[in-house]
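In what follows, every heavy atom counts, from backbone to side chain, and hydrogens, waters and symmetry copies are set aside.
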Amino acid sequence: MRFRNSSVRTKVTALLLSLAALWAFAAWVTLREGLNLVWVAVYDSGVAQPSETLLVELQRERRLTVVAMGNPSADRGNLRAQRARTDAAGAEFRRLAKGNNVQFAADAVLKRRIDEMIHQLDGLPKNRSLVDGGQSDRAKAYDSYTTVVDSVYRTYDALATLDDKDVARDTRTLIDLSRARELLSEEDALLAGALSAGRLTVPERARFTEIVGVQRFHKSEAVLALPDSDRAIFERLERGQTFTRLRALEENVMQSTRPGGLPPILAEQWRAVTEPALAELQTAILEAGDRLVDRTAPVAVGVIARLLLAGVLGLVAVVASIILSVTTARALVRQLEKLREAALELANERLPGVVARLAQGEKVDVRAEAPPLDFGPDVIGQVGAAFNTVQETAIRTAVEEAQLRQSIRDILLSLARRTQSLVHRQLTLLDVMERRESDPAELKDLFRIDHLATRMRRNAENLIVLSGASPARAWRRSVPMVDVVRGALAEVEDYTRVTVLPMGQTALNGRAVGDVIHLLAELIENAVSFSPPYTMVQVGGQVVASGYALEIEDRGLGMSPDDLETANQRIADPPEFNLSSTARLGLYVVSRLAERHGIRVSLKASPYGGTTAVVLLPRELVMENGDEQPEQETRPRLDRRERGAREIALVGAPDADPLPVQEVVPVPRAAETPRPAPIAAEPAAGPEPPAAFTPSGLPFRVPQASLAPALAEEPAGGAEPQDEEDRSPEDIRKIMGSFQSGTRRGRSEAAKLLGEGEDNR
């Protein structure tokens, strides 16, 4: 009962501990040791035993082969019989090593070693044919068999994978002893071949000496690593008569054989010593292996005992874990489902509702919107209490965030209104100064300041758009589309680089004029900023099925497809403005202005390599020629500043220099792009200035010399000159065209005079 009433933490901890203990015990004892014991038995029966037989047969065939090659006239019956025994042993090894049991138990390393060994065995027939055909010498034949034997020992290295460290160490020691026996066999075959041939060559003598040294080293090191009982047996074997005579013969061969001469021993004498030595060493190794198996019996018994113990305890642990998990999970699931439903309700319903109400300006009570939830006194209840705190904090944060955003918007709107008021006053003052100024240089600077002030007004309106309010500029009547585009050009710095194509007899509804001018100004400014200064930006428009389409095309570097997709997505679905979204504010302003009137704006790649912005005005904002009012009624009454800026945008010729009204201010951007050359309309012709120049080559200014003839005449009937406020846009265009034409001709004449002066020098 006490465990039944324990806390959830205790129950979950007990469940996790029982499962972890079950996993550790079953995985480590049952799977690892049990399977390893099974695999060792499979390796022994399928790989070790058949390969041991094959190894002895290969060593015998190697000796007979080099002996036969040393004396070609000798009978080869023994060699043929030995080859048959070797092939039989190789076939038995292939059958067992490629069996399902070995292939299932072997890892990737052992499989690769077995395949390499079989590949070496497959090469024996070719080596034999080379020997029989006289195409191989004793050294090559000797090396070919040694290579096959080495592949057998590489397979042995992959078998010593027992978990018991002592058993694995003793297994590797026996493999080293077997390698020492192989070296003795190599030594026997090498010298037997030399004795059969009647001479021991210099390379063979050096190799014999090397093999003897390596064989003695391997054997001594392996014997030292054996257990005490096995070490004593091998030490007695080393002190025995057979190995004593063997060492004496080895020393005699290494010391007394002349280079290229016959060893100072007989073949039968050498064979009488090596065969017993090999047999005794093989017997000692096999007996040591049997003793190793006997020592592994307790290990196997322990593994089996642990398997039985793991089965019983594992079954008990599994049953207990199931019962505990069922009883605990029911209570946990009910409480967690309740907590999940509350979290989903907060995330999907209450919190979005609170944010929406805050966006509409409603007052929200945090405690009423975040009622506390009761989940009990246990751990889940504590989590529920923490969730109550989280939801209250979330709603309070949303309220504070909404208040902060509203405060920021109010600050932006206040700053924009104040700036807009100052800009309007500045424009009014500039208008008065322009009216009373007659000096062209001063007028040029005043026009430049006037234009900068107009751009400042647009920037102030950007703040108003960011704050969510509407700019103060508005028109009650429709405005011709060409005038809307001209008004947008008046708010762009490099307006002289823009070519305005024919717009048709179409007018824009007055309620959208201010926002459309602002929208077009942002897009046109982007076009001229991100295009080379020697290129033009074209603005054209035409009536389409769903309204009126305006296209703004530049010839700059363009945008990547990903950037175009991102920009179009930002325009089509403008995100909520926040203080971190300061990148590409122009696109944000465009998206807000377009959303206000249902205008669709899209960016696409231009065939000239730049970008084309398409502005589609809906049909309800567009009035065609048959629907619009007469020009004198529909055209808005623009102040002198806007009319002058609109006409300046049309002054000049495509091959003429732009009016020096402003300086180009570089706009920071990611990749600096060149900027195109300006555009303008055909200027009005004026009279040639008189050929009077200053010493520096500049022409003297003559009043009214650059004006059109019609403007230079006095009004008929002695009437007062027409007031600048009543001048039509056509009159202003002619005045400014004449001014530019005269300036251009004056510069041209000055350049000619300077050139002639240089020639006279």
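- In this structure, the side chain of Arg619 does not engage the main chain of Tyr548 through any donor-acceptor pair within 3.5 Å.
- Separation of atoms OG (Ser529) and CG (Asp554) is listed at 10.0 Å; rounding is to 0.5 Å.
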Audit row: Val614, Arg600, side-chain contact (heavy atoms from CB on, under 4.5 Å) steps and yes/no: CA-CA 8 Å; Val614 180; Arg600 285 186 294 173; over 6 Å; no

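- Between Asp563 and Thr566, the side chains place no donor N or O within less than 3.5 Å of an acceptor N or O (distance only, hydrogens not considered).
- The OG atom of Ser591 lies 10.5 Å from the CZ atom of Arg596; values are rounded to the nearest 0.5 Å.
- For Glu565, the CD atom is loosely surrounded, since the number of other residues' heavy atoms within 6.0 Å does not exceed 12.
- Side-chain contact between Gln542 and Leu550 is absent, with no heavy atoms from C-beta onward closer than 4.5 Å.
- Expressed to the nearest 0.5 Å, how far OG1 of Thr612 lies from CD1 of Ile552 amounts to 10.0 Å.
- Of the options Val484, Val537, Ile524, a side chain to side chain contact (heavy atoms under 4.5 Å, CB included) to Leu489 is made by Ile524 and by none of the others.
- A donor-acceptor distance shorter than 3.5 angstrom exists from the side chain of Asn568 to the backbone of Leu564, with no hydrogens or angles considered.
- In this structure, CG in Leu520 is found 12.5 Å from CD in Glu525, a value given to the nearest 0.5 Å.
- Side-chain contact between Met433 and Glu442: absent, with no pair of heavy atoms (C-beta onward) separated by less than 4.5 Å.
- Side chains of Val500 and Met503 form a contact here, defined as non-hydrogen atoms less than 4.5 Å apart.
- Between Glu522 and the choices Ile517, Val590, Val601, the side chain to side chain contact (heavy atoms under 4.5 Å, CB included) rule is met once, by Val590.
- Of all non-hydrogen atoms in Thr611 and Gly558, the two that sit nearest each other are OG1-CA, 3.5 Å.
- Between Ile599 and Pro618, the closest side-chain pair of non-hydrogen atoms falls below 4.5 Å.
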side-chain contact (heavy atoms from CB on, under 4.5 Å) evaluation trace for Val492 with Val528: CA-CA 9 Å; Val492 176; Val528 298; 4.0 Å; yes

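- Contact of the Pro440 side chain with the Leu443 side chain is not registered, since no non-hydrogen atoms from C-beta on lie closer than 4.5 Å.
- For the atom pair CG of Asp483 and OG of Ser478, the computed distance is 10.5 Å after rounding to the nearest 0.5 Å.
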CA sep, side-chain torsions, deciding dist, call: Val589, Leu593, side-chain contact (heavy atoms from CB on, under 4.5 Å): CA-CA 6 Å; Val589 172; Leu593 294 175; 3.9 Å; yes

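- Of all the heavy atoms in Leu603 and Ala567, the pair that sits closest is CD1-CB, 3.8 Å.
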side-chain contact (heavy atoms from CB on, under 4.5 Å) assessment of Arg555 paired with Gln538: CA-CA 9 Å; Arg555 301 188 181 183; Gln538 291 186 350; 4.0 Å; yes

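- Rounded to the nearest 0.5 Å, atoms NZ (Lys604) and CE (Met559) are 14.5 Å apart.
- Under the 4.5 Å side-chain criterion, counting only non-hydrogen atoms from C-beta, Leu508 is in contact with Val516.
- Between the side chains of Glu553 and Ser606, at least one donor N or O sits under 3.5 Å from an acceptor N or O.
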